[in-house]
Amino acid sequence: SGYHKQNATAEVECSDQTSGVGRVNATHGPSSNSSDVNLTLTKRGNNAIEFVCLDQAGNQDNEFRDVAVDRRPPQINGTIPENLSTTGRDTDVMVDIQDVSGLNSSSVQLSANGAGATASADGNAVDIQVNGANPGDKYALKLSVSDILNQSSVFVLRYKAKTEGGPDD
């Protein structure tokens, strides 16, 4: 169970003191006439595995495991407002992060060039509060994030602050 950067192994061992183990099955995997099954998971993402232990008398017991294989660092799924757009001098930028294992909210780091900014994370979203961008100036936000497996990504977002009373670009 849990999250893994590489292929993962899920295994179960069945026992029956009266009639003996008849068969062990795993969804998306092998069957065995012995008392155990080892299953190597290579599919990226969340893998729901069901192990079924059958005894010689026909009784069964099921065990469920969730195993995630996450080989990639976090990626941006989208931003509001969109990257390279024009914003107000003071604005919120919402960054939606896509990651199988989940964002480590304590890993979020932000630096801003051309404006003041702070960031906070909630789930797989990072909210950036931008303040004090000079009218008409371009500014950049450098966002560093890691997932719970410590796989890291750095993103640079660029915006332009609206000119006071003037056109947006």
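Note that this is a predicted model, so its numbers are computed, not measured. In this chain, residues are counted from 1 in sequence order.
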(message) Which residue in the set Asp90, Asp92, Leu141, Thr118 passes side-chain contact (heavy atoms from CB on, under 4.5 Å) when paired with Val130?
(response) Leu141
(request) With Asp147 as reference, evaluate Ser107, Pro74, Ser152 under the side-chain contact (heavy atoms from CB on, under 4.5 Å) test and give the passing residue. (result) Pro74
(message) Does any part of the side chain of Asp122, heavy atoms only, come nearer than 4.5 Å to the side chain of Asp127, both counted from C-beta?
(response) no
(message) Pair Ile76, Val95 - check side-chain contact (heavy atoms from CB on, under 4.5 Å), show working.
(response) CA-CA 7 Å; Ile76 287 184; Val95 183; 4.0 Å; yes
Examine [X] and [Y] and state if one hydrophobic cluster contains both, with Ile, Leu, Val, Met, Phe, Trp and Tyr joined whenever side-chain heavy atoms are less than 4.5 Å apart.
| X | Y | result |
| --- | --- | --- |
| Leu54 | Ile49 | no |
| Leu149 | Leu103 | no |
| Phe155 | Leu110 | yes |
| Val21 | Val37 | yes |

Heavy-atom neighbours of [X] [atom1] exceed 12 at 6.0 Å:
| X | atom1 | result |
| --- | --- | --- |
| Ile80 | CD1 | no |
| Lys5 | NZ | yes |
| Arg72 | CZ | no |

From [X] [atom1] over to [Y] [atom2], what is the distance, rounded to the nearest 0.5 angstrom?
| X | Y | atom1 | atom2 | answer |
| --- | --- | --- | --- | --- |
| His4 | Arg44 | NE2 | CZ | 15.0 Å |
| Gln6 | Thr42 | CD | OG1 | 11.5 Å |
| Asp99 | Asn77 | CG | CG | 11.0 Å |
| Ile148 | Ser105 | CD1 | OG | 11.0 Å |
| Asp137 | Lys160 | CG | NZ | 9.0 Å |
| Leu39 | Phe51 | CG | CZ | 5.5 Å |

(request) Taking all heavy atoms of Ala140 and all of Arg158, pick out the closest pair and write down the distance. (result) CB-NH1, 3.8 Å
(message) I need the minimum non-hydrogen distance between Ala68 and Tyr3, along with the two atoms involved.
(response) CB-CD2, 3.3 Å
(message) My understanding is that only residues two or more places apart in sequence, or in another chain, count here; which of them pass salt bridge (charged side-chain N to carboxylate O under 4.0 Å, His left out) with Glu63?
(response) Arg65
Decide whether [X] and [Y] meet the rule of one side-chain donor and one side-chain acceptor closer than 3.5 Å.
| X | Y | result |
| --- | --- | --- |
| Asn113 | Ser111 | no |
| Gln129 | Asn131 | no |
| Gln98 | Asp96 | no |

(message) Between Arg89 (side chain only) and Asn134 (backbone N and O only), is there a donor and an acceptor less than 3.5 Å apart?
(response) no
(request) Give every residue pair that meets the disulfide (SG to SG under 2.5 Å) criterion with at least one member in residues 31-84, sequence neighbours excluded. (result) Cys14-Cys53
(request) Would you check, one step at a time, whether the test side-chain contact (heavy atoms from CB on, under 4.5 Å) holds for Val145 with Leu143? (result) CA-CA 7 Å; Val145 297; Leu143 178 64; 4.0 Å; yes
(request) Output all residues satisfying side chain to side chain donor-acceptor pair (under 3.5 Å) with Thr91, sequence neighbours left out; order by chain, then residue number. (result) none
(request) Please report the C-alpha distance between Asn59 and Asp55 in whole Å, then the side-chain angles of each, then the deciding distance to 0.1 Å, and finally whether the side-chain contact (heavy atoms from CB on, under 4.5 Å) criterion is met. (result) CA-CA 6 Å; Asn59 301 307; Asp55 68 11; 3.1 Å; yes
(message) Please evaluate residues Asn38 and Thr40 with respect to the criterion side-chain contact (heavy atoms from CB on, under 4.5 Å), reporting the C-alpha separation (whole Å), side-chain torsions for both, the decisive distance (0.1 Å), and the verdict.
(response) CA-CA 7 Å; Asn38 291 317; Thr40 301; over 6 Å; no
